[in-house]
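Working notes, beginning with the structure itself.
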Amino acid sequence: MQTNIDTAKQIAAKLLEIDAVALRPDAPFTWTSGMKSPIYCDNRLTMSYPEVRRLICLSFAVLIKERYPETEVIAGTATAGIPHAAWAAEQLNLPMIYVRSKPKGHGKGNQIEGRLEPGAKVVVIEDLISTGGSSIEAARAVKEAGGNVLGVLAIFSYQFPQAEQAFAEAGFPFETLSNYTTLLEVAQEKGAIRPEQLEALHAWRKNPAAYKG
């Protein structure tokens, strides 16, 4: 799911404008996994643009107020979700925690940093959802620590079918501020991609493993 279409298009346009998202269907990127992809997304760049990060912060705050008004704690995923969770928590005047990918190997061995009271109602903030694996692991860590996870929010999603399935199986609702379909629409409006490239771009989302560029 995603937030309203006007916000989704506005955020997609900003991500393209600052090169946080790059589309290269004729010369695909190679991800760490070895998979070929016509898109590369680095939402960490949004930190360097006050106007963009403010838009994202306010959009998260509005979404949380509308969908999860009972939220008591904002959780950020390490590392890219942390700044956005912090800004949203400040905007909402709520406590914040962050979740490591795994427990620390020293000290108290914490996986969750900050104070999480048993039963606290938590929204998890992530920067990007691809397959959903890392976001779901973070939500599970919060649940195992005694938190009540209301949902997972992210800036952007590739809309892979396996992510939808993974979240459904894990039992965590998720929503994003923008997504791949909206990005392609905005990119076409701005002349960043040609009409004949759309078929290949949509085919990648449906079956990324088969994509050759």
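Scope of the values below: all heavy atoms of this structure, side chains included, with no hydrogens, waters or symmetry mates.
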Side-chain heavy atoms of [X] within contact of [Y], under 4.5 Å:
{"X": "P95", "Y": "E72", "answer": "no"}
{"X": "V73", "Y": "M96", "answer": "no"}
{"X": "L15", "Y": "L45", "answer": "no"}
{"X": "F172", "Y": "S135", "answer": "no"}
{"X": "V122", "Y": "T71", "answer": "no"}
{"X": "E175", "Y": "L63", "answer": "yes"}

Not counting sequence neighbours, list each pair that qualifies as a side-chain hydrogen bond (donor to acceptor under 3.5 Å, both in side chains) and has a residue in residues 78-87. T46-H84
State, to 0.1 Å, how close [X] and [Y] come at their nearest heavy-atom pair, and which atoms those are.
{"X": "T176", "Y": "I129", "answer": "CG2-CD1, 4.3 Å"}
{"X": "Q91", "Y": "C57", "answer": "CB-SG, 3.8 Å"}
{"X": "K36", "Y": "T30", "answer": "NZ-OG1, 2.9 Å"}
{"X": "G132", "Y": "A163", "answer": "N-CB, 4.3 Å"}
{"X": "C41", "Y": "L128", "answer": "SG-CD1, 4.0 Å"}
{"X": "A75", "Y": "V142", "answer": "CB-CG2, 4.5 Å"}

Set out, in order, the CA-CA distance, both residues' side-chain angles and the distance that settles side-chain contact (heavy atoms from CB on, under 4.5 Å) for Y68 and L153, then state yes or no. CA-CA 11 Å; Y68 309 106; L153 305 183; 4.0 Å; yes
What distance do [X] atom [atom1] and [Y] atom [atom2] have between them, rounded to the nearest 0.5 Å?
{"X": "W204", "Y": "M35", "atom1": "CH2", "atom2": "CE", "answer": "5.5 Å"}
{"X": "I125", "Y": "I155", "atom1": "CD1", "atom2": "CD1", "answer": "8.5 Å"}
{"X": "K65", "Y": "L92", "atom1": "NZ", "atom2": "CG", "answer": "6.0 Å"}
{"X": "I82", "Y": "Y98", "atom1": "CD1", "atom2": "OH", "answer": "5.5 Å"}
{"X": "I56", "Y": "N43", "atom1": "CD1", "atom2": "CG", "answer": "6.5 Å"}
{"X": "L177", "Y": "T182", "atom1": "CG", "atom2": "OG1", "answer": "11.0 Å"}

Short side-chain to backbone donor-acceptor contact, [X] and [Y], under 3.5 Å:
{"X": "Y180", "Y": "L201", "value": "yes"}
{"X": "R53", "Y": "M47", "value": "yes"}
{"X": "R24", "Y": "A27", "value": "yes"}
{"X": "Q159", "Y": "T181", "value": "yes"}
{"X": "Q197", "Y": "P25", "value": "no"}

Membership question, hydrophobic clusters at under 4.5 Å side-chain separation (ILVMFWY): are V62 and I64 in the same one?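 No, I64 and V62 fall in different hydrophobic clusters.
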Spell out, yes or no, whether L198 and V21 are grouped together once hydrophobic residues are joined by side-chain heavy atoms under 4.5 Å, including indirect joins. yes
Pairs in or reaching into [range]: which pass salt bridge (charged side-chain N to carboxylate O under 4.0 Å, His left out), with residues at least two apart or in two chains?
{"range": "residues 10-22", "value": "K14-E17, K14-E51"}
{"range": "residues 126-150", "value": "none"}
{"range": "residues 184-198", "value": "K9-E185, K9-E189, D26-R194, R194-E196"}

Output all residues satisfying salt bridge (Lys or Arg N to Asp or Glu O under 4.0 Å) with E90, sequence neighbours left out; order by chain, then residue number.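 Salt bridge (Lys or Arg N to Asp or Glu O under 4.0 Å) check on E90 returns nothing, list empty.
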Relative to the ring of W31, is the ring of F160 parallel (under 30°), tilted (30 to 60°) or perpendicular (over 60°)? tilted
Going through the checks in order, is the side-chain contact (heavy atoms from CB on, under 4.5 Å) test met by V149 and V124? CA-CA 7 Å; V149 178; V124 177; 4.3 Å; yes
Given side-chain contact (heavy atoms from CB on, under 4.5 Å), test R54 with L58 step by step and report yes or no. CA-CA 6 Å; R54 191 174 301 115; L58 293 175; 4.2 Å; yes
Quick test of your reading: applying ring pair (Phe, Tyr, Trp, His ring centres under 6.0 Å), list the pairs with at least one residue in residues 40-67, sequence neighbours left out, ordered by first then second residue.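 Of all non-adjacent pairs touching residues 40-67, those that pass ring pair (Phe, Tyr, Trp, His ring centres under 6.0 Å) are F29-Y40.
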Assess whether side-chain contact (heavy atoms from CB on, under 4.5 Å) is satisfied between Y158 and T131, documenting all intermediate values. CA-CA 8 Å; Y158 292 128; T131 61; over 6 Å; no
